Amino acid sequence: MSSVDLLKIRNIGIMAHIDAGKTTTTERILFYTGKVHKMGEVHEGNTVMDWMPQEQERGITITSAATTCFWKDYRINIIDTPGHVDFTIEVERSLRVLDGAIGVFCAVGGVEPQSETVWRQANKYHVPRIAFVNKMDRVGANFSDVVTEMRERLGANAIPIQIPIGAEDTFSGYVDLVRMKALVWESNDKPPHEIEIPDNLKEEAAQSREILLEAVSEYDDTLMDAFLSGGAISEASINAAIRKGCISLKMVPVLCGASFKNKGVQALLDAILDYLPSPLDIKPVEGHDPEKLEFVLKRKPALDEPFSALAFKIMNDPFVGTLTFFRVYSGSVETGQMVLNSAKGKRERIGRLLQMHANKREDINKVSIGEIAAAVGMRFSTTGDTICSEKEPILLEKIEFPEPVISIAIEPKTKADQEKLGSALQRLAMEDPSFRVTVNEDTGQTLISGMGELHLEIIVDRMKREFKVEGNIGKPQVAYKETIGASAKGEGKFIRDAGGKGQYGHVVLLFEPIARGKGFQFVNSIMPDKIPREFIPAIEKGVQEAMLGGVLAGFPAVDMKATLLDGSSHETDSTEIAYKIAASIAFKEACQKGGPTLLEPVMSCEVSCPEAYMGGVIGDLNSRRGKILNMAMRHGLQIIKAEVPLAQMFGYSTALRSASQGRANYTMEFSHYEPVPQAAAEDILVKAGVLIR
């Protein structure tokens with residue numbers, strides 16, 4: 001693949017809040033690039049990218065779908081991501097491997113809660129993006145309000161490069177601020193035609209162009225001189241400066257349109273080519289030597305560099321088996337080639353290479369830099385693993401996955417389903433790292449955990465349809481955790497004399513609470529002559545295993561630091577297992593002294609409702625132990641932001657509809673863990689069977 005080809009590749013994602021029009025926009029892009037010959041509609045359940053039956057029935061995107069199309073000799077690899085908070089992992093792993101993104105915003109709803117979440121995710125991975133203000137034809141559409149919200153709520157330097165002509169039912173086109181020409185549509189089926197800027201918009205267009213030129217002149221000294229001296233400025237120099245500002249994450253170009261009415265999509269495609277980066281515009285990818293993690297390695301986006309790629313998605317295909325989606329960062333790979341999974345230290349064979357178009361596939365022989373493809377036949381690779389050359393291995397940064405916040409018990413309906421259930425759950429967990437399967441040791445129940453009620457509902461539905469497994473579902477359970485309230489010491493001794501070689505382990509540990517979300521830290525501050533060095537890892541492992549079972553009600557313990565202070569050893573009887581048991585004894589003793597505390601997941605909740613129902617909605621949130629953070633008016637609706645414990649939010653959608661005659665809606669996402677109030681904690685312990693009233 002030549003460097004010219006690489007310059008003509010764009011790896012982009014389409015991200016937004018639910019219902020902003022991502023899938024509709026993608027469908028139009030596929031139509032105008034000639035990839036499909038008939039546009040599907042979300043409400044009719046016949047879109048290309050929403051191919052799962054669950055997506056078509058609900059009218060929402062559940063899994064990220066990849067496709068490739070061509071526009072003006074440029075190759076555009078697109079990933080359409082979900083907007084629902086329960087499927088945020090799909091956005092996370094897609095943004096990890098993309099070079100650029102389109103943020104789609106509803107012209108009526110503006111910057112909605114999930115818009116903020118996906119924007120933060122894009123910031124985390126330093127993904128350049130352009131913004132598309134969609135649904136300009138809807139009642140209540142306001143382009144300038146959305147741009148202001150992007151600046152205030154997202155902290156984005158949002159600079160319009162278009163301004164709309166009209167709004168709501170009068171939306172007919174836009175003014176291109178780079179070319180200073182107006183483009184209007186006479187009908188939804190025909191391309192726009194160019195006209196002079198209407199008189200009533202000339203002043204606004206001149207002011208908006210001034211703001212655009214002032215913003216982009218920062219990225220080009222020649223353009224700055226021309227701007228300050230009032231000289232002529234070419235379209236090419238403005239586009240080059242916008243591109244520079246966009247790729248350096250210093251500005252976000254904003255466009256407008258109405259995808260459902262086929263307006264503005266061609267201009268969006270041009271903006272993808274003009275402003276979003278090619279694989280050559282991205283910095284060389286950094287990783288580590290798998291053997292010596294302290295050594296930082298770099299791979300340039302070049303064909304002569306050793307092969308390196310990141311697996312970002314696993315999918316079960318009923319016809320070809322397990323598909324491993326990966327993005328190539330350097331070099332190339334061919335069908336039948338042996339590669340190394342450096343995360344697991346395993347060799348893998350690339351059985352087949354496939355170019356994916358949603359759920360359809362096409363065989364290819366080779367994949368090179370900047371391309372996204374799927375491989376068949378990889379047995380060990382999971383999401384976040386690095387695939388690389390065997391001779392020159394590299395370990396790329398892994399993908400971080402959110403912790404599940406809700407669990408339900410599941411059991412097979414019949415004896416015949418028993419074996420199939422385990423296999424189905426295992427395959428689904430491999431596909432989705434935010435979905436976990438555990439077995440409760442006390443009850444023997446199989447628990448499935450996920451990001452929300454809808455997430456688990458989809459998982460159960462997929463089990464029935466794809467794996468033909470029926471299951472009985474228990475009530476949703478909250479994923480509580482435990483911690484300690486104060487520092488405490490614990491001493492653990494495990495001594496057994498078995499007449500021959502015995503068991504000896506003795507440790508003294510100090511446990512201290514640490515900041516929320518920090519997990520577990522272990523510090524060894526013991527004198528080397530007290531306990532042989534080879535037993536220290538066993539002590540740490542013993543504490544970690546004991547933490548999984550907690551001390552209060554069997555919930556995992558988190559956010560604590562363990563310091564090994566003292567201990568002793570025996571010349572012949574000291575063993576790893578003895579120190580593990582001694583460490584768990586010390587953990588339990590210290591936690592009882594340190595005031596064990598239950599932690600519960602708290603959700604960040606945003607409710608939008610008419611003012612007439614605000615009192616009832618706030619009263620209901622307060623009764624659910626909610627904390628009201630702020631209230632604001634947006635587009636004639638009251639927006640209430642609150643933090644509410646997840647345990648209190650089951651069935652909230654029904655209660656909210658009743659309280660507002662169906663006119664209010666809400667979104668929520670996981671925020672943080674915090675201690676459970678005493679009265680509520682007692683109720684939980686009674687239900688868990690560890691406290692009797």
Side-chain angles (χ1 to χ4, degrees), residues 1-13 64 66 68 75-79 92-101 121-122 124-128 247 249 276-290 293 295-314 323-335 337-348 350 353-356 364-375 378 380-400:
M1 186 181 286
S2 68
S3 60
V4 178
D5 289 328
L6 273 181
L7 285 168
K8 291 193 170 185
I9 287 181
R10 298 289 181 272
N11 289 315
I12 63 158
S64 51
T68 300
R75 177 195 182 115
I76 305 175
N77 298 319
I78 303 174
I79 296 182
E92 183 90 19
R93 60 182 172 189
S94 300
L95 287 172
R96 172 67 178 82
V97 297
L98 292 171
D99 300 331
Q121 288 171 311
K124 181 165 103 178
Y125 293 116
H126 309 291
V127 178
I247 291 174
L249 304 177
L276 289 178
S278 73
L280 289 178
D281 295 312
I282 303 299
K283 292 177 185 172
V285 67
E286 287 191 357
H288 295 274
D289 184 315
L293 290 174
F295 287 167
V296 176
L297 303 172
K298 289 188 179 182
R299 292 280 188 269
K300 293 176 191 167
L303 203 57
D304 54 3
E305 286 272 296
F307 169 67
S308 68
L310 189 79
F312 68 94
K313 183 177 168 73
I314 307 294
L323 294 176
T324 305
F325 285 75
F326 63 94
R327 152 78 196 262
V328 182
Y329 285 101
S330 61
S332 63
V333 69
E334 295 181 5
T335 305
Q337 192 172 324
M338 293 299 293
V339 292
L340 176 71
N341 178 332
S342 57
K344 302 222 168 50
K346 301 272 190 183
R347 295 176 78 221
E348 295 265 36
I350 306 282
L353 287 171
L354 303 172
Q355 192 73 65
M356 298 301 291
I364 51 175
N365 296 321
K366 185 178 180 181
V367 185
S368 303
I369 327 135
E371 291 190 283
I372 290 172
M378 301 182 76
F380 306 107
S381 297
T382 53
T383 302
D385 285 355
T386 303
I387 308 160
C388 58
S389 156
E390 289 186 271
K391 291 179 182 173
E392 295 186 61
I394 186 173
L395 183 61
L396 303 177
E397 184 190 353
K398 286 185 80 71
I399 304 171
E400 290 178 15

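Because the structure is a prediction, the values reported are computed rather than measured. Below, each value reflects all heavy atoms present in this structure, side chains not excepted, and no hydrogens, waters or symmetry copies.
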Approximate separation, where rounding is to 0.5 Å, of Leu276 CG and Ile12 CD1:
6.5 Å
Side chain to side chain donor-acceptor pair (under 3.5 Å) partners for Gln355, two or more places apart:
Thr68, Arg75
Which heavy atom of Thr324 sits nearest a heavy atom of Met378, and at what distance?
OG1-CB, 3.9 Å
Give me the atom names and distance for the closest heavy-atom approach of Ser342 to Ile394.
OG-O, 2.7 Å
Taken to the nearest 0.5 Å, the spacing of Phe307 CZ from Ser368 OG works out to 9.5 Å
Contact summary for Ala311 and Phe326, nearest pair of heavy atoms
CA-CB, 4.0 Å
Rounded distance [0.5 Å steps], CG in Leu280 versus CG in Leu7
5.0 Å
With side chain to side chain donor-acceptor pair (under 3.5 Å) as the rule and sequence neighbours excluded, what pairs involving residues 383-396 come up?
Arg93-Thr383, Asn341-Asp385, Lys344-Asp385, Arg347-Glu390, Thr382-Asp385, Asp385-Lys398
Mind listing the closest non-hydrogen atom pair of Ala373 and Val367 along with its distance?
CB-CG2, 3.7 Å
Quick one: salt bridge (Lys or Arg N to Asp or Glu O under 4.0 Å) pairs with a partner in residues 280-290, sequence neighbours left out?
Arg243-Asp281, Glu286-Lys298
Partner set under side chain to side chain contact (heavy atoms under 4.5 Å, CB included) for Leu323, not counting sequence neighbours:
Met315, Asp317, Val320, Phe325, Leu354, Met356, Ala374, Val376
Minimum heavy-atom separation for Ile314 to Ser381, with atom names?
CD1-O, 3.5 Å
Would you mind reporting whether Arg96 and Tyr125 have side-chain heavy atoms less than 4.5 Å apart?
yes
Return the set of residues passing side chain to side chain contact (heavy atoms under 4.5 Å, CB included) with Pro279 (not counting sequence neighbours), or none when no residue passes.
Leu6, Ile9, Asn11, Asp99, Arg327
Not counting sequence neighbours, which residues clear side chain to side chain donor-acceptor pair (under 3.5 Å) with Ser308? List them please.
Ser330
Search all heavy atoms of Leu340 against all heavy atoms of Pro393 and return the closest pair with its distance.
CD2-CB, 3.6 Å
Look at the side chain of Gln121 and the backbone N and O of Leu95, then say whether any donor-acceptor pair between them is shorter than 3.5 Å.
no
CG of Leu395 to CG of Leu297: how many Å apart, nearest 0.5 Å?
9.5 Å
Just by modelled atom types, is the Glu334 backbone N or O under 3.5 Å from a matching donor or acceptor in the Gln337 side chain?
yes
